[in-house]
> 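Questions regarding the structure given below will be posed in turn.
First listed ligand is number 1; within each ligand, the first listed atom is number 1.
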Amino acid sequence: MSVEENLQQVNQVIQSACEKVGRKKEEVTIVAVTKYVGNDKTKEVLEAGIKHIGENRVEGALEKWEAFQGQANFHFIGTLQSRKVKQVIDKYDYFHSLDRPSLAKEFQKRCPEGKKIRCFVQVNVSGEASKFGLAPEETIPFIESLKDYPAIEVIGLMTMAPFEEDPEKTRPVFRGLRELRDEVQSQRFPHAPCTELSMGMSNDYHIAVEEGATIVRLGSVLMNE
Ligand SMILES: *Cc1c(COP(=O)(O)O)cnc(C)c1O
């Protein structure tokens, strides 16, 4: 199927998940994860009306930026090595995987004059060893410590749920992230409005939306032929 047809189905899924819990569909933004595909397919994504694209590696991130700068909002969604920050910091609009002080330090050092780096703090809600991110109990102290880096604005939290055959099993992970987000918000840190929840992938985004996702990161469900 074309990206456009896939997107129609995805929109329906998001719509019904929203209806189920009394949310508005407009509260949910789709980031199309283009890491699996080349520029042709990415062009199709943009032509289908998606305005946000996500990449998880620096190489692919730069390639997509070269091809589509000015035509999309760019999200860096993968783990980022500190030494590679300078390659993407002035090109990408959002960073989803801030998870350690050394990365925050590098963002601050490399931030173009007058710019704010819009970040999500990545949390390993499930505790699965193979996942990156802070433990939930480390999250608020970490965010508080980011006040020392004026270039950084914490706009939300991000998590990756473990893959489950039955996506319903991911619900506690998404709910946990939402509750943590609410806790961060209640701290009223000026540098951390933390309004956004980046959670949900192709397998489980309907559950994530029911639990409050404001950004879903979708690859295969959109790109599948
Ligand atoms: C690849 C990737 C996605 C999208 O995965 P799909 O299951 O194809 O939707 C989302 N988030 C991150 C961080 C990824 O690396």
Side-chain angles (χ1 to χ4, degrees), residues 1-14 17 28-38 41-42 44-46 48 50-65 72-81 84-85 88 92-100 103 118-134 155-171 173-174 176-178 196-225:
M1 287 207 298
S2 67
V3 173
E4 196 176 349
E5 287 166 314
N6 289 335
L7 179 60
Q8 274 175 17
Q9 292 196 350
V10 165
N11 276 328
Q12 277 168 15
V13 169
I14 294 176
V28 183
T29 298
I30 297 170
V31 172
V33 178
T34 51
K35 66 186 184 193
Y36 315 103
V37 301
K41 198 83 177 178
T42 304
E44 219 188 296
V45 164
L46 297 175
I50 293 178
K51 305 257 179 337
H52 295 260
I53 65 176
E55 283 284 330
N56 71 334
R57 294 192 195 284
V58 168
E59 203 175 70
L62 292 174
E63 194 184 307
K64 297 301 187 328
W65 186 82
N73 299 283
F74 291 90
H75 295 250
F76 197 92
I77 60 172
T79 302
L80 183 56
Q81 289 175 279
K84 294 189 173 172
V85 164
V88 287
Y92 269 61
D93 302 296
Y94 300 93
F95 292 87
H96 287 241
S97 55
L98 178 53
D99 62 354
R100 57 192 192 277
L103 187 58
R118 286 177 285 192
C119 295
F120 295 79
V121 168
Q122 184 169 357
V123 185
N124 182 358
V125 180
S126 67
E128 202 189 15
S130 64
K131 295 276 184 284
F132 290 96
L134 293 152
I155 65 167
L157 301 182
M158 179 273 214
T159 199
M160 285 179 79
F163 179 88
E164 299 281 359
E165 283 297 328
D166 174 9
E168 185 58 39
K169 292 199 175 133
T170 59
R171 192 181 292 281
V173 172
F174 297 139
L177 195 71
R178 183 188 67 208
E196 309 300 318
L197 281 173
S198 169
M199 60 188 197
M201 302 175 25
S202 293
N203 185 53
D204 53 25
Y205 68 100
H206 55 298
I207 307 287
V209 169
E210 286 176 23
E211 292 299 329
T214 63
I215 293 185
V216 289
R217 308 179 309 269
L218 304 179
S220 43
V221 74
L222 287 172
M223 314 298 163
N224 273 348
E225 304 280 314

> Of the side chain and backbone of H96, name the one, both, or neither that has a heavy atom under 4.0 Å from an atom of ligand 1.
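Neither part.
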
> State whether the side chain of N6 and the backbone N or O of N224 hold a donor-acceptor pair below 3.5 Å, judged by distance alone.
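Yes, the answer is positive, given that a donor and an acceptor are paired below the 3.5 Å cut-off.
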
> Checking a contact table here: which protein heavy atom is nearest atom 15 (O) of ligand 1, and how many Å away?
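Going by distance alone, atom 15 (O) of ligand 1 is nearest to K35 NZ, 2.7 Å.
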
> Consider every N or O of M201 and every N or O of ligand 1, then say whether any pair is closer than 3.5 Å.
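No.
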
> Counting from 1, what ligand 1 atoms have a heavy atom of Y36 closer than 4.0 Å?
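Going through ligand 1 atom by atom, the ones under 4.0 Å from Y36 are 1 (C), 5 (O), 6 (P), 8 (O).
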
> Does some side-chain heavy atom of I30 sit less than 4.5 Å from a side-chain heavy atom of L7?
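Heavy-atom side-chain distance check passes, below 4.5 Å.
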
> Can you tell me if D93 uses its side chain to pair, donor with acceptor, with the backbone of F74 under 3.5 Å?
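Such a contact is found between D93 side chain and F74 backbone.
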
> For atom 12 (C) of ligand 1, grab the closest protein heavy atom and report residue, atom and distance to one decimal in Å.
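Answer for atom 12 (C) of ligand 1: I77 CD1, 3.4 Å.
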
> How close does the nearest protein non-hydrogen atom get to atom 9 (O) of ligand 1, and which residue and atom is it?
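Residue, atom and distance for the closest contact: S202 OG, 2.5 Å.
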
> Where is the nearest protein heavy atom to atom 11 (N) of ligand 1: which residue, which atom, and how far?
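For this ligand atom, the closest protein heavy atom is R217 NE, 2.9 Å.
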
> Would V45 and M223 count as a side-chain contact (heavy atoms from CB on, under 4.5 Å) here? Give the steps.
CA-CA 8 Å; V45 164; M223 314 298 163; 3.8 Å; yes

> Please work out which of the three classes, parallel, tilted or perpendicular, describes the rings of H96 and Y94, given edges at 30° and 60°.
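Plane angle over 60°, so perpendicular.
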
> Heavy-atom contacts under 4.0 Å between L218 and ligand 1: side chain, backbone, both, or neither?
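Only the backbone of L218 comes within reach of ligand 1.
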
> What heavy-atom pair brings M199 and V216 nearest, and what distance separates the two atoms?
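Looking at all heavy atoms of both residues, the shortest contact is O-CG1, 3.5 Å.
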
